[in-house]
Amino acid sequence: MKRTNLTAGLPLVLLLALVFFVAREVLGSLEIINYYWQLILDQSLIITTAAIGLSIIYGFAGQFSLGHAAFFGLGAYTAGLISKLWGHGNYGVFLLSLVAGAALAGAVAFLIGLPILRLRSDYLGIATMGFGIIVKVLMDNSNKWITATGGATGMTGVPQIAKFPVIFSVFLLAVLLARNLRLSSFGRAWTAVREDEVAADAMGVDPTRVKTLAFVLGCALAGVAGALYAHRYPIVHPSSFDFLKSFDFLIIVVLGGLGSMSGTIVTGVGWVFLLEVLRAVLGQSFLDFRGVIYALTLVLVVILRPKGLLSGMEWQALIPRRVPEGNPPAKGETPNVSA
Amino acid sequence: MILQVKDLNVAYGSILALHGVAFEVAEGEIVTLIGANGAGKSTSLRAISGLVRARSGQVMYHDADITRTPAHRIVQMGIGHVPEGRKIFANLTVAENLEMGAYARADRGSLQAAFDRVFKSFPRLKERLKQNAGTLSGGEQQMLAMGRALMSTPKLLLLDEPSMGLSPILVQEIFSIIQEINRQGTTVLLVEQNAYMALQVASRAYVLETGRIVLSGPAAELRENPRVRAAYLGQAV
C-alpha cells in the first residue's frame with residue numbers, strides 16, 4: 001500500500017528556514033533591516049509562535065479559548081522574573097526561564113482544563129475569559145507580593161538578550177511540533193473531536209485526554225512566546241496581556257482559517273506588520289482607529305472568505321495531504337488483498 | 001451471552017429515562033429494541049457504549065462488567081456504535097471518516113482488510129472515497145456511519161435507527177446489508193421505530209414503553225402479537 005511520505009516536504013521547509021535566516025543575517029549586517037524593523041520582525045515571530053498555540057487549541061481541536069494572552073503573560077512574567085532576579089544576563093538562566101515560562105503556562109492550563117474540558121461545548125471560552133481578567137488583576141497588584149514585578153507600572157530590568165536567532169529557533173520548533181502533532185494520531189483525534197465530540201467518543205477517542213493535551217500544549221507555546229517577549233521588549237506591562245490582546249490571537253487564527261497552520265503563520269506575521277504599517281501611515285491617530293481597523297478587517301474577511309484566508313489549505317511541503325488508506329488501487333496495480 | 005443488561009436505570013438530570021431495563025443478546029443474533037419516541041431505545045444503546053452513565057444496574061459484555069468503562073475503552077473491547085442521526089464527520093472525506101472508525105484498532109496491519117470488508121458491504125462508499133461526507137445523500141451517510149463503525153471490526157454492532165429519514169427502497173437495502181453483516185459473524189443490537197422491518201430481520205425482540213420493557217420474545221411471535229400489531233405495525237387486529 002502506497003502511503004504519503006510524511007517527511008518528504010521537510011527538507012524544503014528547513015531549507016527555506018535556513019535561507020530566511022541567512023538572508024536576515026545578511027540584510028541585518030548591511031543595516032537594510034534596521035533596528036526598528038528587526039523589532040517588528042521579532043515581534044511577529046513571537047506573536048505567531050503564541051498564535052500557533054491557539055491554532056492547536058482552537059483550529060485543530062476546536063476548543064474556544066478567550067484567555068490566550070493571559071498565558072502569554074504568565075510566560076512573560078515567569079521568565080522575566082527569573083532572568084531579572086537570578087539571571088543578570090546569563091544565557092543559561094535565560095534558556096531555563098524559557099522552559100519555566102512554558103511549563104508554568106502549561107501547568108496552569110492543565111489545572112483550568114481539568115474540570116472544564118470534561119464538558120462538551122463552549123464552557124472553556126467563558127472560563128478562559130474569566131481567567132484572563134483575573135490574571136490581569138493579579139499582574140496589576142503583583143508588586144504587593146513581589147516588588148520586582150512592578151505591578152501596574154510594569155516590570156523593567158529584564159535583561160534584553162533574546163535576539164533573532166533564538167526567537168527564530170523557538171518559532172521554527174513550534175511550527176515543527178505543531179506539524180508533527182497534526183500529522184500524528186493526535187491530529188486525527190483532534191479533528192474528530194472538533195467535528196463531532198460524541199462521534200469521536202464512539203470511535204474510541206478519549207475526548208477529555210486529547211482536548212487537555214491540545215489546551216496544555218497550546219498554552220505552553222503561548223508561555224514560551226511570552227518568555228521570549230519579556231527578553232526582547234524592555235517593559236513587561238499588564239496591559240499587554242489583557243482581554244483585547246487575547247482577541248488579537250483569536251483574530252489571527254480565525255482570519256488565517258481555522259485548522260490551517262499555514263494560515264495562522266501567514267496571518268500572524270502579516271497581522272503584526274499590517275498594524276505597524278498602519279501605525280506608520282496613520283501616526284498618532286492609529287490608536288483611535290485601531291478598533292475600527294479590527295472591525296473592518298474582520299467584516300471584509302468574513303464577506304470575502306468567510307472561513308478565513310487559507311481555510312482548508314496547507315502548504316503541502318509543511319503539511320502534506322494524506323493519501324487515504326482505502327484508496328482503490330490504480331489500474332494495472334494488483335490490489336493488495338491479504339494485507 | 002455476548003451482552004447482558006441487568007436492571008438498568010438511566011436518568012437525564014431528574015428525569016428517569018430507563019426503569020430497570022433488562023435484556024440480553026446472544027452471540028450471532030440480531031436482537032431489536034422497538035418502541036415509540038422517548039421509550040428509551042437510544043438511551044439503552046448509549047448506556048451500553050458508555051456515552052451516558054447508568055445510575056444503577058449492570059451492563060455485562062462477555063461476562064465483564066462495562067457499566068463504568070469509558071466509551072473509548074468500550075470501542076476497543078469490540079462494541080461498535082452507530083449513533084442516532086449518524087453523526088458522520090461532515091467536513092471530512094469518506095476515506096477520512098472510515099479511517100477515524102479504525103482509530104481504536106491496535107493492529108495497523110489489518111487495516112486494509114477492514115477497508116475491503118466495508119467496501120464489500122458498501123460498494124458505493126468506495127466510489128465516493130474522496131468526497132466530503134456532508135455532500136453524501138442520506139442513504140449514503142447511513143452507509144458511511146455503519147461502515148465507519150465496522151472499521152473497528154466490532155463483535156457487537158449497536159445500530160440506532162438506521163432507517164431514519166430513508167426512502168422505503170433504501171430501507172430495504174440497509175436492512176439486507178444488516179443481515180449480511182450479521183451472517184459474516186457480527187452480532188447486532190438494532191434499535192428501530194420501523195418495527196415492521198426490524199421484526200423481519202431480528203431473531204428476538206424487546207418492546208420498550210416509557211423506559212420499561214413491556215414485551216419480549218422471538219421476533220416472529222411478536223409480529224403476531226395483537227398488542228404489537230396495533231401499536232407498532234399499524235394493523236387493525
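The figures that follow rest on heavy atoms only: side chains count, while hydrogens, waters and symmetry mates do not. Per chain, numbering begins at 1; letters A, B, ... match sequence-line order.
- Closest approach of Ala189(A) and Tyr103(B) over heavy atoms only: CB-OH, 3.4 Å.
- Heavy-atom contacts from other residues, nucleotides or ligands closer than 6.0 Å to CZ of Arg53(B) number more than 12.
- Atom CZ of Phe247(A) has 12 or fewer neighbouring heavy atoms from other residues, nucleotides or ligands inside a 6.0 Å radius.
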Derivation and outcome, side chain to side chain contact (heavy atoms under 4.5 Å, CB included), residues Met100(B) and Thr191(A): CA-CA 10 Å; Met100(B) 268 322 294; Thr191(A) 315; over 6 Å; no
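- Rounding to the nearest 0.5 angstrom, the gap separating the CD atom in Glu197(A) from the NZ atom in Lys87(B) is 10.5 Å.
- Closest approach of Ala104(B) to Gly204(A), counting heavy atoms only: CB-CA, 4.2 Å.
- Each of Met151(B), Arg148(B), His72(B), His81(B) was scored for a side-chain contact (heavy atoms from CB on, under 4.5 Å) with Met203(A), with one residue passing: Arg148(B).
- In this structure, the separation between NZ on Lys307(A) and CG on Asn91(B) is 5.5 Å, given to the nearest 0.5 Å.
- Annotation for Ala71(B) and Asp201(A): closest pair CB-OD1, 3.2 Å, computed over non-hydrogen atoms.
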